[in-house]
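Here's the structure we're looking at; comments come further down.
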Amino acid sequence: MKALFSIVVLFVFCSVHSQNNDPMGAESGALGHASVALSNGWGIFNNQAGLANLEKPFAGISYENRFLLKELSRNLVGIAIPTESGTISLSALSFGYSLYNEAKYGLGYARKLSDKMSMGVQLNYMTIRQGNADFGNARNLTVELGIQAELTEDLRIGVHVFNPTQTELIENGLEKIPTVFRMGGQYFVSEKVFVLVESEKELDRPALFKAGLQYHILEKLYLRGGISTNPTYTSIGFGYVLDQFKIDFATNYQPILGYTPQFSLSYQFDKKGE
């Protein structure tokens, strides 16, 4: 029975194709993961260029329980520290369970190129561990980079590429690290509402489309919803601010595989002297 369960779980791994390269965090999850144009601390995982405007240190943790299977859970932690020359970030995340685990450890840097444009880059150390044996285990370095630009006061666009060098974890193409391109925009309909649209293309897979909407309904409460295609899933969630803490929750629904709840907790430090 345990062997059969492991086979089923590994089949789902292959079906969802989940290495640690896609957008992350409950805020992003509630918006259909259309987050390449967002500019905040969660840019650590979604587009490092979004960290360039950070004025205070940021720390966040997040947990995702994909399709309500603990074997497909994802944990992540990240910190970002703005300096006079740019923002430095550190991150770590893991995905999987004892028989199959993926991990990514990142060191990032972001800075403003001008008043309207920013860039970010991150060096990643990625690993795959399969069971207790060394067979199939692998590790390698890869990179990701992003750009954001404010075209108007109400419109920001973002571009991000993961693994542009097409690095492989195991030689001869046995275990590839996907090369993924993302492009999208954030448009502020009003002071309380913005919409996001985004397109994502992995080299060996069809393109997908994502869209999200956020409504700042109360002073401390944000409501969110989103949709993504290929495969199609819908998402909903909220964010709540409690002093310097922010709690984000989301759940995604895929008609075949079911629900994926996500929870994030972040802390925005005070500026020195405040």
Side-chain angles (χ1 to χ4, degrees), residues 1-36 42 45-46 60-78 91-104 126-131 136 162 169 175-178 180 182 196 198-202 204-213 223-239 247-266:
M1 181 64 70
K2 183 179 294 187
L4 178 60
F5 176 76
S6 298
I7 292 173
V8 171
V9 170
L10 289 175
F11 172 77
V12 175
F13 269 102
C14 296
S15 300
V16 300
H17 192 68
S18 177
Q19 286 191 329
N20 287 319
N21 52 54
D22 50 348
M24 302 175 197
E27 178 190 48
S28 174
L31 295 166
H33 282 308
S35 52
V36 71
W42 290 109
F45 302 100
N46 300 320
I61 59 174
S62 188
Y63 174 75
E64 176 185 286
N65 187 201
R66 181 163 293 194
F67 310 125
L68 299 177
L69 292 172
K70 65 178 182 180
E71 290 78 10
L72 303 183
S73 64
R74 183 159 55 179
N75 304 274
L76 57 94
V77 58
S91 60
L93 58 98
S94 66
F95 168 70
Y97 70 124
S98 59
L99 295 181
Y100 182 90
N101 180 269
E102 300 179 11
K104 182 176 79 171
M126 302 187 68
T127 68
I128 286 182
R129 182 173 56 83
Q130 302 183 61
F162 182 89
L169 278 176
E175 187 61 58
K176 293 183 178 181
I177 302 175
V180 183
R182 297 164 55 224
L196 296 158
E198 181 174 322
S199 179
E200 178 179 313
K201 179 67 172 74
E202 185 178 325
D204 300 329
R205 289 174 176 259
L208 58 90
F209 174 80
K210 299 177 281 187
L213 181 146
L223 299 182
R224 306 178 180 120
I227 188 170
S228 178
T229 66
N230 197 26
T232 298
Y233 69 81
T234 55
S235 58
I236 192 170
F238 67 87
I247 299 170
D248 293 300
F249 177 81
T251 184
N252 299 335
Y253 176 70
Q254 210 285 327
I256 297 176
L257 298 174
Y259 292 94
T260 297
Q262 302 169 62
F263 171 82
S264 299
L265 176 66
S266 59

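Residue numbers run from 1 in the order of the sequence given.
- Taken to the nearest 0.5 Å, the CH2 atom of Trp42 stands 4.0 Å off from the OG atom of Ser264.
- Between the side chain of Thr260 and the backbone N or O of Phe67 there is at least one donor-acceptor pair closer than 3.5 Å.
- Other residues, nucleotides and ligands contribute at most 12 non-hydrogen atoms within 6.0 Å of the CD1 atom of Ile236.
- The structure places CG of Asp248 at 6.0 Å from OG of Ser266, a figure rounded to the nearest 0.5 Å.
- Rounding to the nearest 0.5 angstrom, the gap separating the CG atom in Asn101 from the CD1 atom in Ile128 is 9.5 Å.
- Atom OG in Ser235 sits 12.5 Å away from atom CD in Gln254 (nearest 0.5 Å).
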Note to self: Under the criterion side-chain contact (heavy atoms from CB on, under 4.5 Å), I'd like the reasoning laid out for Asp22 against Arg74: C-alpha separation, chi angles, the key distance, then a yes or no.
What the structure shows: CA-CA 12 Å; Asp22 50 348; Arg74 183 159 55 179; 2.7 Å; yes

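- Heavy-atom minimum distance, Leu76 versus Gly25: CD2-N, 4.4 Å.
- The nearest pair of heavy atoms linking Ala250 to Ala26 is CB-O, 3.3 Å.
- Taken from CZ in Phe95 to CG in Asn75, the straight-line distance is 11.0 Å, to the nearest 0.5 Å.
- In this structure, Tyr253 has its ring center no closer than 6.0 Å to that of Tyr233.
- Residues Gln262 and Phe249 share a closest heavy-atom pair of O-CD1, 3.2 Å.
- Heavy atoms from other residues, nucleotides or ligands lying under 6.0 Å from OH of Tyr63 number more than 12.
- The main-chain N or O of Phe263 is found under 3.5 Å from a side-chain atom of Ser62 such that the two form a donor-acceptor pair.
- Atom CZ of residue Arg182 and atom CZ of residue Phe162 lie 11.0 Å apart, to the nearest 0.5 angstrom.
- Remark: side-chain polar atoms of Glu200 are not paired, donor with acceptor, to backbone N or O of Val180 under 3.5 angstrom.
- Scanning both residues, Thr229 and Leu208, for their nearest heavy atoms gives O-CB, 3.2 Å.
- Looking at His33, Arg66, Glu64 one by one, the single match for side-chain contact (heavy atoms from CB on, under 4.5 Å) with Asn252 turns out to be His33.
- Between Pro255 and Thr232 the shortest heavy-atom distance is CD-O, 3.4 Å.
- For the residue pair Val77 and Phe45, the shortest heavy atom distance occurs at O-CZ, 3.5 Å.
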